[in-house]
2 protein chains.
Amino acid sequence: MTDVISNDPTDTATLPPGDVPELVLIELLFFAYRDFVSDPDALLAQYDFGRAHHRVLHFVSRHPGLRVADLLDILRITKQSLGRVLKQLIDAGFVDQRPGPKDRRQRLLYVTETGAALAHRLIEMQSRRIRAALAAVPPERRAGAEEFLRGIIDGGERAKVARLIES
Amino acid sequence: MTDVISNDPTDTATLPPGDVPELVLIELLFFAYRDFVSDPDALLAQYDFGRAHHRVLHFVSRHPGLRVADLLDILRITKQSLGRVLKQLIDAGFVDQRPGPKDRRQRLLYVTETGAALAHRLIEMQSRRIRAALAAVPPERRAGAEEFLRGIIDGGERAKVARLIES
DNA sequence: GAAAATATGTCAACATGACTGACGTAATTT
DNA sequence: AAATTACGTCAGTCATGTTGACATATTTTC
């Protein structure tokens, strides 16, 4: 791999970050997310799980007793997509479901001890990366990262996400 | 890890953000990325393109004359996956390829005018979201977002990504 | 000049995770 | 009793990723 950058000026003019300053953050979001999910992916592969299993396991672990409908709203996928992944997690003994005590139509979701252990390992991997990244940001600017990410979320979703994260 | 999540549905205590402060950023990255790609997805669907086409189009637009190998390194996908998407972009007239002038084994990639127009519209959509998010961050903390995201990228990749973004 | 390495393309076969749309069942609410 | 809700399921499709092997042209190295 020599030089990723072209020196051919004969083609369509490109938009350098000088012209569109937001390009830097657009591309950083891509690269950051690419690497952010890479450690979990590697661990999950050992269990024959993928990114979808990670998301389900994470949110069930964080919110025991979560309903299927809640999970669908969080993940923005269809019932059918969730159903498959959830079934695999239940069959493999990482997630458990019980009828709701008040409304017995509901299937409330819980992680098992095995599931909790894996969820914690995944959180630990990503926490380490987050801590390392924050360590390189001057303390007075650290809040900027969180504020920026909250602003990227759809306006209509922001309050709901905030509630979910805080609880 | 002192906390153990029990199987008991009545025990809702898990790992709250209070115990693992990085959880907030872990979850914000998920939600922010989920919404960040949502507008492009909607526009691309009109052309029967997906997220993979977006990424190829974006980086070819930003770096005219990019080689296939460079793109593989940026996107971290296999030649076969890229090949399919690239072929569709070329057939649809959004991307053009020419043999390298020095090394004729290379197929240097360029966007056509049509491709550039679409790439610019996609950048514009995401720029708008970025600008809105930054507007809500106090100016003295804005740099924190960029610094944090750079820190999330794999240490070994950071210099290469920085060069790619700046050029 | 021959051999090796490189850049790219291509084939077959497959896995994952997403989709739509329709329908079923049990439980709760009106 | 009827309507609504929560959830599951069936059947089919699509997009995007994977591995591994092999082909071709070209450039580099000995």
Side-chain angles (χ1 to χ4, degrees), chain A residues 1-4 6 30 33-34 37-38 40-42 44-58 60 65-92 95-110, chain B residues 30 33-34 37-38 40-42 44-57 60 65-92 95-110:
Chain A
M1 207 87 40
T2 49
D3 190 7
V4 164
S6 157
F30 166 72
Y33 198 79
R34 181 194 71 174
V37 295
S38 67
D41 280 357
L44 290 156
Q46 297 175 16
Y47 298 85
D48 280 308
F49 290 156
R51 217 168 283 177
H53 301 81
H54 183 189
R55 299 193 280 251
V56 171
L57 189 65
H58 177 91
V60 172
L66 201 67
R67 292 176 308 160
V68 170
D70 297 328
L71 213 34
L72 289 176
D73 184 52
I74 290 170
L75 303 180
R76 290 289 160 77
I77 57 176
T78 58
K79 204 164 32 163
Q80 296 72 14
S81 282
L82 174 59
R84 212 168 344 149
V85 170
L86 193 50
K87 187 177 187 308
Q88 290 167 349
L89 284 168
I90 289 167
D91 289 350
V95 169
D96 209 16
Q97 59 181 190
R98 305 179 182 207
K102 287 186 162 182
D103 185 337
R104 300 207 316 275
R105 290 170 305 180
Q106 299 174 347
R107 304 287 174 92
L108 306 188
L109 303 170
Y110 300 88
Chain B
F30 166 73
Y33 198 78
R34 181 194 70 175
V37 296
S38 66
D41 280 358
L44 289 155
Q46 296 176 17
Y47 297 86
D48 279 308
F49 290 155
R51 218 169 282 177
H53 302 82
H54 183 190
R55 298 193 281 251
V56 170
L57 190 64
V60 172
L66 201 68
R67 293 175 309 160
V68 169
D70 298 327
L71 213 34
L72 289 175
D73 185 53
I74 290 170
L75 304 180
R76 290 291 160 78
I77 56 175
T78 56
K79 203 164 32 162
Q80 295 71 13
S81 277
L82 174 59
R84 218 176 344 191
V85 170
L86 193 50
K87 187 178 186 308
Q88 290 168 349
L89 284 168
I90 290 167
D91 289 350
V95 170
D96 210 14
Q97 60 182 189
R98 311 176 198 165
K102 287 184 163 180
D103 185 338
R104 299 206 317 273
R105 291 171 305 180
Q106 300 175 346
R107 303 289 175 91
L108 306 189
L109 303 170
Y110 300 86

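Just so you know, these numbers use all the heavy atoms, side chains as well, and skip hydrogens, waters and symmetry mates. Chain A is the first sequence line, chain B the second, and so forth, proteins listed ahead of strands; every chain is numbered from 1.
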For a quick test of reading the model, state the closest non-hydrogen atom pair linking [X] to [Y] and the distance between them.
| X | Y | answer |
| --- | --- | --- |
| B/Arg34 | A/Ile74 | NH1-O, 2.8 Å |
| B/Leu108 | B/Arg67 | CD2-CG, 3.4 Å |
| A/Asp48 | A/His53 | O-CE1, 4.5 Å |
| A/Leu82 | A/Val56 | CD1-CG2, 3.6 Å |
| A/Val95 | A/Leu57 | CG2-CD1, 4.1 Å |

Nucleotide of C/dA7, D/dG17, C/dG17 approaching B/Arg67 most closely (side-chain heavy atoms): C/dA7
Starting from [atom2] on [N], measure out to [atom1] on [X] and report it in whole angstrom.
| X | N | atom1 | atom2 | answer |
| --- | --- | --- | --- | --- |
| B/Gln80 | C/dA7 | CD | P | 16 Å |
| B/Gln106 | D/dT26 | CD | C1' | 10 Å |
| A/Leu72 | D/dT5 | CG | C1' | 14 Å |
| B/Leu66 | C/dA7 | CG | P | 14 Å |
| A/Leu82 | C/dT20 | CG | C1' | 16 Å |
| A/Asp48 | D/dT18 | CG | P | 17 Å |
| A/Lys79 | D/dT9 | NZ | P | 11 Å |
| A/Ile77 | C/dT20 | CD1 | P | 12 Å |

Atom pairs under 3.5 Å: protein N/O with N/O of nucleotides 28-30 of chain C:
from, atom 1, to, atom 2, distance (Å)
C/dT28, OP1, A/Lys102, O, 3.3
C/dT28, OP1, A/Arg104, N, 3.2

Touch check for [X], heavy atoms < 4.0 angstrom, all strands: base, sugar-phosphate only, or nothing?
| X | value |
| --- | --- |
| B/Gln88 | nothing |
| B/Arg51 | sugar-phosphate |
| B/Gly83 | nothing |
| B/Arg84 | base |

Residues forming a side chain to side chain contact (heavy atoms under 4.5 Å, CB included) with A/Ala69, sequence neighbours excluded: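 Residues passing side chain to side chain contact (heavy atoms under 4.5 Å, CB included) with A/Ala69: none at all.
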OP1 or OP2 of [N] versus the side-chain N and O atoms of [X]: is any pair under 4.0 Å?
| X | N | value |
| --- | --- | --- |
| A/Ser81 | C/dC19 | yes |
| A/Arg107 | C/dT25 | no |
| B/Thr78 | D/dT18 | yes |
| A/His53 | C/dG17 | yes |

Residue whose closest nucleotide on DNA chain C lies nearer the 5' end, A/Arg76 versus B/Gln97: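 Nearer the 5' end of the strand: B/Gln97.
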Parallel, tilted or perpendicular, as decided by the 30° and 60° cut-offs, for the rings of A/His54 and A/His58: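 Because their plane-to-plane angle is over 60°, the rings of A/His58 and A/His54 count as perpendicular.
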Pi-cation contact, B/Tyr110 with B/Arg98 (under 6.0 Å, within 45°): yes
